[in-house]
Amino acid sequence: MTGRPLSDFTVELDVYSGPYEWLLALILREELDIFEVPLRELVRLYLSSRDPRSPQALRLDTEFVGSASALVLLKSRTLLPAPGDGDAPEDEPASPEELAERLGAYLRIRRAAEVLRGRLEANASCHPSAHQPPPRPGRTRIDRRRLLLSARRIFSRLEEPPVEHLGPITVTVQELAALIQASLSRGPVSYEELTRGMDRLRSAVTFAAALSLAHEGSLRLRQPEPLGPLTLEPLP
Amino acid sequence: MRPAHLVEAVLFSSARPVSRKTLASSTGLSADEVESALSELAERYSPERSGVVLRQVAGGYQLATNPSCAAAVERFRGEARPAPLSAAAHEVLACVLYLGPLTRGAISRVRGVNSDAVVRNLIERGLLAEKGPSGEGQAALLDVTEEFLISTGASSREDFPPLESLVREEELERVRERVLGREGEGR
């Protein structure tokens with residue numbers, strides 16, 4: 001039994017195609033609008049994909065019902081006007097005459113929406129003749145908000161990392177290079193042996209010294225596998 | 001070079017609709033010559049005679065492929081059309097087109113449901129745009145864009161049928177009867 005029961009359930013919707021878990025994550029991160037997710041279709045997909053004979057069927061069903069219920073709740077909340085909106089509708093119930101008026105206005109909008117759908121469909125198959133030219137100088141539309149954000153990114157400097165926790169540096173690469181060369185005079189030496197008893201700072205500087213010596217051709221570094229033992233070998 | 005050739009060349013090189021004024025200034029032709037050239041091109045690029053058509057959209061003119069050739073063009077380009085808009089999106093566009101510019105709240109009031117998410121999607125698709133605040137410190141007003149006019153094949157707002165003509169008076173009367181009748185029954 002896996003820790004993520006619905007990890008194998010994938011969905012194919014107009015607005016999204018992929019694992020169900022990712023769909024939930026995208027909705028929660030508001031990168032996908034719950035309003036555009038057909039929940040009935042989602043349930044149908046789950047029912048068509050479930051295996052009632054599976055020993056995990058009950059656990060999967062429970063998990064799905066739990067998450068799908070949350071989506072229903074979320075979507076129903078989305079459908080309500082946002083509280084605190086300056087343009088929020090008045091609290092007083094509308095009179096029957098007002099209600100009839102509103103319904104009439106809405107009916108007109110519904111009809112207009114049908115007209116628009118027809119026009120959009122009819123014109124979707126027209127493709128313009130040329131590429132989109134760049135805006136002419138002086139006609140470039142600048143989004144002040146995006147410009148400000150970009151400027152902040154460009155002009156802001158990364159904070160210097162704090163170094164208070166580091167003690168005073170009392171050793172130099174040259175000193176440790178001399179130590180390495182003295183050890184190599186007796187033959188190959190492992191980095192572990194070389195740095196035994198050293199603190200972290202001296203170990204790091206020893207490594208830097210070894211790299212420097214290898215770069216100038218004074219020794220060879222041998223490491224048979226990544227993160228494996230490192231051996232320093234003298235060059236003839 | 002004949003005026004029609006000049007106008008044709010400018011239109012061919014532009015992906016966006018070009019106004020009569022811009023056609024005149026870029027070709028050096030007079031307004032009458034531009035008009036005459038457009039008439040000639042409209043005949044030459046009619047849907048019955050050509051795979052390319054002259055469209056009058058968003059206050060200008062545009063050369064585009066004939067809709068009847070769309071399947072071949074789309075196969076060639078290998079591009080899928082954008083996903084069709086939802087019914088909610090069509091309603092929001094209708095609200096803004098006929099009643100706009102409107103705030104998000106006003107759109108939600110007309111539709112009776114929160115429409116913010118749909119509005120966001122339409123702004124991303126370039127069909128709606130914010131046109132500044134409705135007043136100092138007030139919510140932004142939304143309006144349809146040039147892209148909307150192009151997508152609907154409209155030259156301007158006036159190209160759409162009047163809102164009042166879309167619903168017959170008898171239908172509105174039936175709505176009133178239902179609401180007021182039910183209210184009367186409930187009393």
Side-chain angles (χ1 to χ4, degrees), chain A residues 13-16 30 32-38 75-83 85-90 94-133 135 141 143, chain B residues 11-16 52-53 55 62-65 67-68 70 73-74 77 81 83-88 90-91 93-95 97-99 103-106 108-114 116-118 120-121 138-139 150-154 160-161 163-164 166-167 171-172 175-176 179-180 183:
Chain A
L13 301 168
D14 282 346
V15 293
Y16 169 81
E30 296 186 349
L32 184 65
D33 199 336
I34 180 70
F35 194 81
E36 300 288 343
V37 178
K75 190 165 187 174
S76 61
R77 283 182 181 162
T78 309
L79 289 168
L80 294 171
D85 186 348
D87 282 322
E90 60 276 16
S95 69
E97 288 77 16
E98 283 172 345
L99 187 59
E101 190 61 33
R102 283 188 195 176
L103 284 172
Y106 178 63
L107 183 59
R108 288 196 183 100
I109 289 299
R110 285 284 301 272
R111 290 285 162 78
E114 287 166 22
V115 170
L116 283 184
R117 187 182 61 196
R119 291 188 72 137
L120 286 163
E121 278 175 7
N123 286 278
S125 44
C126 281
H127 300 285
S129 62
H131 72 288
Q132 181 79 48
R141 280 184 291 181
D143 184 334
Chain B
L11 291 177
F12 181 78
S13 67
S14 174
R16 310 296 298 179
V52 174
V53 294
R55 304 175 79 208
Q62 179 186 50
L63 283 177
T65 57
S68 59
V73 174
E74 285 159 16
R77 286 189 172 185
R81 285 187 200 178
L85 295 173
S86 64
H90 289 125
E91 282 186 19
L93 286 174
C95 283
L97 173 68
Y98 283 101
L99 311 174
T103 63
R104 288 168 173 80
S108 298
R109 265 207 303 282
V110 173
R111 295 189 58 235
V113 293
N114 186 309
D116 291 359
V118 186
R120 195 166 61 231
N121 188 24
Q138 299 292 308
I150 296 170
S151 300
T152 51
F160 295 92
L163 192 58
E164 292 71 28
L166 297 174
V167 180
E171 292 177 277
L172 291 174
V175 170
R176 275 193 286 273
V179 176
L180 301 176
E183 185 67 21

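Just the heavy atoms: all of them, side chains too, but no hydrogens, waters or symmetry mates, feed the values below. Letters A, B, ... mirror the listed sequences (proteins, then strands); counts begin at 1.
Most heavy-atom pairs under 4.5 Å with chain B, from the set A:Ala122, A:Cys126, A:Gly104, A:Gly118: that is A:Cys126.
Between the B:Thr65 side chain and the A:His127 main chain, a donor and an acceptor come within less than 3.5 Å of each other.
Within a 6.0 Å radius of CD in A:Glu114, other residues, nucleotides and ligands contribute more than 12 heavy atoms. The environment of A:Arg111 atom CZ is dense: over 12 non-hydrogen atoms of other residues, nucleotides or ligands sit within 6.0 angstrom.
Within the 4.5 angstrom heavy-atom criterion, only side-chain atoms of B:Leu97, from C-beta onward, approach chain A. When heavy atoms are compared at a cutoff of 4.5 Å, B:Leu93 approaches chain A by way of both its backbone and its side chain. Both the backbone and the side chain of B:Ala154 come within less than 4.5 Å of a heavy atom in chain A. Proximity to chain A (any heavy atom under 4.5 Å) is shown, for B:Glu91, by both the backbone and the side chain. For B:Ser86, the part lying near chain A is the side chain, with the backbone staying farther off; criterion is any non-hydrogen pair under 4.5 Å. Contacts between B:Val110 and chain A at a heavy-atom distance below 4.5 Å involve backbone atoms as well as side-chain atoms. For A:Ala105, no part lies under 4.5 angstrom from a heavy atom of chain B. For B:Pro84, no part sits under 4.5 Å from any heavy atom of chain A, backbone or side chain.
For the pair B:Glu164 and A:Arg108, the salt-bridge criterion is not met [side-chain N within less than 4.0 Å of a carboxylate O].
Rounded to the nearest 0.5 Å, atoms CZ (A:Arg110) and NE2 (B:His90) are 12.5 Å apart. Rounded to the nearest 0.5 Å, atoms CG (B:Leu166) and CD (B:Glu171) are 10.0 Å apart. Rounded to the nearest 0.5 angstrom, A:Ile109 CD1 and B:Cys95 SG are separated by 4.0 Å.
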